[in-house]
Amino acid sequence: MYFEVRHIDETDSTNRWLKTEGGEWKENTVKCIVADYQTAGKGCGTNSWESERGKNLLLSMLIHPNKVAAADQFILSMVNALALKRTLDNYVSDITIKWPNDIYWRDKKICGTLIETTLQGSLIKDCIIGTGMNINQQVFKSDAPNPVSLYQLLGHEVNREEVLQQLLDNFGALLDEWDADNIRASYRQQLYRREGLHPYRDADGTFEATLMTVEDDGHLLLKDTEGRVRRYAFKEVSFAP
């Protein structure tokens with residue numbers, strides 16, 4: 001897999017930039033835009049993403065998966081999450097994947113991802129994966145509840161280009177190898193709160209449950225203390241503190 005990487009100083013959103021300014025796509029090429037600063041960085045839903053200028057990794061990748069049906073699109077989220085985890089494993093321990101695609105160090109968030117797909121019939125036409133990784137930011141000023149950076153964990157700055165290259169290498173390797181069963185199994189093995197009883201919150205209130213699995217289509221399965229299996233789509237349930 002070949003990566004066509006472009007660095008820019010500033011944009012409103014790297015996802016938006018790829019949609020409108022990414023240019024023509026070459027076969028077997030992943031387009032990647034990396035920005036020093038985003039004026040309107042977004043997370044999932046209505047969430048924003050705080051990032052100090054020049055301190056973190058802000059990137060979007062445009063891929064045209066020819067192996068993935070629309071019904072199986074969640075596997076692309078799994079691939080990206082695994083690539084992020086494997087990259088951060090080179091720097092710190094205790095990295096997990098918080099369903100559906102956040103990356104956590106213990107109970108703190110170090111990466112967030114926004115994935116946008118365009119469908120063509122029963123297939124995925126293209127997929128833009130936008131990620132923010134907290135690397136060298138020392139202080140977070142927004143009201144986000146639990147951010148953390150590599151700098152805060154390690155006590156020193158980390159080379160952002162080095163992290164980027166490792167991420168692209170890991171992402172490319174997963175695409176090139178493309179073992180769907182292994183991707184899904186690896187994702188499930190690395191899930192945040194994979195073991196034990198933990199609090200969750202849905203439209204009916206807070207409850208305790210164990211995490212059973214994440215289905216191939218991305219639904220989360222929980223078993224509550226009464227033995228009832230609860231099935232949730234994204235945004236239908238949250239992880240309570």
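Because only heavy atoms are used, hydrogens play no part in the values below, and waters and symmetry mates are left out as well, while side chains stay in.
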S51/N56 under side chain to side chain donor-acceptor pair (under 3.5 Å): CA gap, chis, key distance, verdict
CA-CA 7 Å; S51 182; N56 302 314; 2.9 Å; yes

Side chain to side chain donor-acceptor pair (under 3.5 Å) evaluation trace for Y2 with N28:
CA-CA 6 Å; Y2 174 73; N28 295 321; over 6 Å; no

Derivation and outcome, side chain to side chain contact (heavy atoms under 4.5 Å, CB included), residues F207 and T225:
CA-CA 8 Å; F207 62 96; T225 51; over 6 Å; no

Could you go through the side chain to side chain contact (heavy atoms under 4.5 Å, CB included) check for I63 and F171 one step at a time?
CA-CA 11 Å; I63 63 174; F171 188 82; 4.1 Å; yes

Output, in order, the C-alpha distance, side-chain angles, deciding distance and verdict of side chain to side chain contact (heavy atoms under 4.5 Å, CB included) for C127 and I129.
CA-CA 6 Å; C127 177; I129 303 172; 3.8 Å; yes

Side chain to side chain contact (heavy atoms under 4.5 Å, CB included) evaluation trace for K98 with K109
CA-CA 9 Å; K98 179 174 175 264; K109 183 175 177 177; over 6 Å; no

Any chance you could lay out the side chain to side chain donor-acceptor pair (under 3.5 Å) test for D94 and Y104, step after step, and finish with the verdict?
CA-CA 8 Å; D94 298 329; Y104 265 44; over 6 Å; no

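Note on L62: it does not cluster hydrophobically with L114, by side-chain heavy-atom contacts below 4.5 Å among ILVMFWY residues. Cluster annotation: V158 and F140 are assigned to distinct hydrophobic clusters (Ile/Leu/Val/Met/Phe/Trp/Tyr, side-chain heavy-atom contacts under 4.5 Å, transitive). There is a path of hydrophobic side-chain contacts, each under 4.5 Å, that joins I115 to L191. Both Y187 and Y232 are part of a single hydrophobic cluster, where members link through side-chain heavy atoms under 4.5 Å apart. When hydrophobic clusters are built by joining Ile, Leu, Val, Met, Phe, Trp and Tyr residues whose side-chain heavy atoms come closer than 4.5 Å, directly or via intermediates, L82 is grouped together with W105.
Nearest heavy-atom pair across M1 and D176 is N-OD2, 3.1 Å. Nearest heavy atom pair, residue L119 against residue A70, reads CD2-CB, 3.8 Å. Shortest non-hydrogen contact noted between I110 and S149 is CD1-C, 4.2 Å. Here the closest heavy-atom approach between residue N101 and residue T113 is recorded as OD1-O, 3.5 Å. Taking every heavy atom of both residues into account, S60 and I128 meet most closely at CB-CG2, 4.3 Å. Nearest heavy atoms, N136 versus H156: OD1-O, 4.4 Å.
Two residues are said to be in side-chain contact when any heavy atoms from C-beta on lie closer than 4.5 Å; L88 and M133 meet this criterion. Side-chain atoms of P65 and L76, non-hydrogen and from C-beta on, do get closer than 4.5 Å to each other. When side chains are defined from C-beta on, Q166 counts as touching Y91, because their heavy atoms get closer than 4.5 Å. Looking at I97 and D102, their side chains never come closer than 4.5 Å, going by heavy atoms from C-beta outward. Considering only heavy atoms from C-beta on, L59 comes within 4.5 Å of L164 through its side chain. Proximity of L167 to L84: side-chain heavy atoms (C-beta onward) are separated by under 4.5 Å at one or more points. By the 4.5 Å heavy-atom criterion applied to side chains, E208 and D224 are not counted as neighbours. Between I75 and I183 there is a side-chain heavy-atom pair separated by less than 4.5 Å.
With hydrogens and angles left out, the side-chain atoms of Y151 and N134 include no donor and acceptor closer than 3.5 Å. A donor-acceptor pair shorter than 3.5 Å cannot be found between the side chains of D12 and T39. Between the side chains of E161 and H7, a donor-acceptor pair is found at a separation under 3.5 Å. In this structure, a donor-acceptor pair under 3.5 Å is absent between the side chains of Q137 and Q152.
Between the CZ atom in R106 and the CG atom in L153 there is a gap of 8.5 Å [rounded to 0.5 Å]. One distance of note links OG1 of T210 with CZ of R194; it measures 12.5 Å at 0.5 Å rounding. Between T14 atom OG1 and I8 atom CD1 the span is 7.5 Å, to the nearest 0.5 Å. Here N182 contributes atom CG and Q189 contributes atom CD; the two are 8.0 Å apart, rounded to the nearest 0.5 Å. In this structure, Q73 CD and I124 CD1 are separated by 5.0 Å, a value rounded to the nearest 0.5 Å. Atom CE of M61 is separated from atom CG of N15 by 10.5 Å, given to the nearest 0.5 angstrom.
For the side-chain hydrogen bond (donor to acceptor under 3.5 Å, both in side chains) test, no residue two or more places apart in sequence or in another chain qualifies with R6.
A salt bridge links E215 to R231: one of the charged nitrogens lies within less than 4.0 Å of a carboxylate oxygen. Classification of R188 and D181 as a salt-bridged pair fails, no side-chain N sitting under 4.0 Å from a carboxylate O.
Checked by atom type and distance alone, the side chain of K223 never pairs as donor or acceptor with a backbone atom of R230 at under 3.5 Å. Side chain of H219 to backbone of D216: no donor-acceptor contact under 3.5 angstrom is found. Using a distance-only test at 3.5 Å, with no hydrogens or angles considered, a donor-acceptor pair links the side chain of E236 to the main chain of A233. Judged purely by atom type and a 3.5 angstrom limit, S238 has no side-chain atom pairing as donor or acceptor with the backbone of A240.
Ring pair W99/F234 is perpendicular by interplanar angle, where above 60° counts as perpendicular and below 30° as parallel.
Note that R193 lies in the cation-pi zone of Y200, set by a 6.0 Å cut-off to the ring centre and a 45° limit from the axis.
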Please report, to 0.1 Å, the donor-acceptor pairs under 3.5 Å made by any side chain of residues 30-37, with sequence neighbours excluded.
| from | atom 1 | to | atom 2 | distance (Å) |
| --- | --- | --- | --- | --- |
| K31 | NZ | E4 | OE2 | 2.9 |
| K31 | NZ | G22 | O | 2.9 |
| K31 | NZ | E24 | O | 3.1 |
| D36 | OD1 | R160 | NH1 | 3.2 |
| D36 | OD1 | R160 | NH2 | 3.2 |

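Using a 4.5 Å cut-off between side-chain heavy atoms of Ile, Leu, Val, Met, Phe, Trp and Tyr, M212 falls into a hydrophobic cluster with L221, V229.
Under the side-chain hydrogen bond (donor to acceptor under 3.5 Å, both in side chains) test applied with R16, the options Q38, E116, E21 reduce to a single match, E21.
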